[in-house]
Protein chains: 2
Amino acid sequence: MADKEISKAVIARLPRYYRHLGELMEDGVERISSNELSLRMKVTASQIRQDLNNFGGFGQQGYGYNVKYLYTEIAKILGIDRQHNLVIIGAGNLGQAIANYANFEKRGFLIKGMFDINPRLIGLVVRGIEIRSVDDLEQFVIDNNVQIAALTIPKTKAPEIADRLVRAGIKAIWNFAHTDLTVPDDVVVENVHLSESLMRLSYRVCNMQDQESDKYRQTAKNS
Amino acid sequence: MADKEISKAVIARLPRYYRHLGELMEDGVERISSNELSLRMKVTASQIRQDLNNFGGFGQQGYGYNVKYLYTEIAKILGIDRQHNLVIIGAGNLGQAIANYANFEKRGFLIKGMFDINPRLIGLVVRGIEIRSVDDLEQFVIDNNVQIAALTIPKTKAPEIADRLVRAGIKAIWNFAHTDLTVPDDVVVENVHLSESLMRLSYRVCNMQDQESDKYRQTAKNS
DNA sequence: CACCATTATAACTGGGTGATAAAATAATGT
DNA sequence: ACATTATTTTATCACCCAGTTATAATGGTG
């Protein structure tokens, strides 16, 4: 498993490969060539081969790629073969939406706890997870070996909570708050700015005429 | 307003410029140079200048950029100075989270209706918006001049609903379902695949050692 | 009139695509 | 059943283009 410089562009595409391979497995497909996959995913076969080659030869000439093997290998690369403990901070609709999305647990993301400042929410149980007071946040993170925190709170509170998480030793923040976070460089921040996504959509709607494309197409880009 | 070929990379950055300019306005800042903005946003001044130049000279030599002017110009480019009617399909937590996010309305995104198949939810009112049966979807889209549909439903139902939206004349789909959608090329699809975002985060956590960075940094990339 | 900051231009870097070579499988004939 | 040929498909290389960063030229500011 050569640990040398995989480009961000490649990593960004891996989850989509993973999803399609999962669907192929469900359909009982055992092997697939880069060409078939290319047709299905609407990307060039060249790119598929080059992407996968970054991690060493998963394919075999004259045969193609073994679906199941490739699926588990990508899981390893993405680190979703291990368990990640996470907490959700902000038990509003968005926080609960994440808590309710069962599939995360299948991918090894285990929701250990939820937190909020609203006294009305504290004590409630969502999917078997009790909503706690943010006062207990740091101790909980330490006690439960929590690596990832999903931040689904207003932007005004986000920087302070982020600082507290960092001090408690968090490894990564999944940031849904509409603000940039400043953290030490050994802490990962993955932003999900929905309003920015909607603005990009708005631009594309307003500038439809000059949209590069080729009649019926599948959606590939962006998160 | 030169309508010639703005790259996707530039458009993807505009919302972030917009957000920072909004904050500067709130702080009463009237003008700013590319260098100051570069420090604040942690991107190169070169990039800021080149990005903004795509749309014609917003700045002035020896002075910098007028914050308010730039703010409104970016709004025009993104099309968020106009009103967009939208519907939310899927009134679960995620759908409600979007409905409850008030700021969208400030940006001209007006939620006209919500839809679900669950009879228990139909008839309920969220933020003054009644949840309707998806049976009435097409007619509602036509009657209310709806341009954008947010799809917060399971992936199994998504393709069918997308087809129906397309036939009803929708302009854009904001897709939260974990699947690719196939649509005619005059329909915009903006994907928000949360599970893929979380997998990218997972990769970065597991490969922390070789993370390009420069001690305390702000988060810039990705949606 | 010196300074400052933009604009315009140029150099560079890296991702994406297509082409070629190598390797393994499948098919064919003896 | 085995050897040989044809086909398939990956792996690798080279090129092109877009995006990013750096530099030179221009024009206001104070």
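Letters go in sequence order (proteins before strands), and every chain restarts at 1.
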I'd like a list of close polar pairs between nucleotides 8-12 of chain D and the protein, N/O only, cut-off under 3.5 Å.
residue : atom : partner : partner atom : Å
D:dT9   : O4'  : A:G62   : N            : 3.2
D:dT10  : OP1  : A:S34   : N            : 2.7
D:dT10  : OP2  : A:S34   : OG           : 2.4
D:dT10  : O2   : A:Q61   : NE2          : 3.3
D:dA11  : OP2  : A:N53   : OD1          : 2.5
D:dA11  : OP2  : A:Y65   : OH           : 3.3
D:dA11  : O5'  : A:N53   : OD1          : 3.3
D:dT12  : OP2  : A:N53   : ND2          : 2.9

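- The aromatic rings of B:Y71 and B:Y18 lie parallel to each other, their planes meeting at an angle below 30°, with 60° marking the opposite boundary.
- For the pair B:L70 CG and C:dA5 P, the interatomic distance rounds to 16 Å; values are reported in whole Å.
- Atom CG of B:D51 is separated from atom P of C:dT6 by 13 Å (rounded to the nearest Å).
- Side-chain proximity of B:A9 to the nucleotides D:dT20, C:dG15, C:dG16 is greatest for D:dT20.
- Rounding to whole angstrom units, CG of residue B:N66 and C1' of D:dG28 are separated by 15 Å.
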Using atom types as modelled, flag every donor-acceptor pair under 3.5 Å from a side chain in residues 25-32 of chain A to any protein atom, sequence neighbours excluded.
residue : atom : partner : partner atom : Å
A:R31   : NE   : A:Y63   : O            : 3.4

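- One can place CD of B:Q47 at 5 Å from P of D:dT20, the figure rounded to the nearest angstrom.
- The existence of a salt bridge linking B:D180 and A:R19 is confirmed by a sub-4.0 Å separation between a basic side-chain nitrogen and an acidic carboxylate oxygen.
- A:N85 and A:N144 form no side-chain donor-acceptor contact under 3.5 Å, judged by distance and modelled atom types alone.
- Closest non-hydrogen pair, B:H84 versus A:C206, comes out as CE1-SG, 3.9 Å.
- A sub-4.0 Å separation between OP1 or OP2 of D:dT20 and a side-chain N or O of B:T44 is absent.
- With hydrogens and angles disregarded, a donor-acceptor distance shorter than 3.5 Å links the side chain of B:N54 to the backbone of B:D51.
- Look at CD1 on B:I11: it is 11 Å from P on D:dG19, rounded to the nearest Å.
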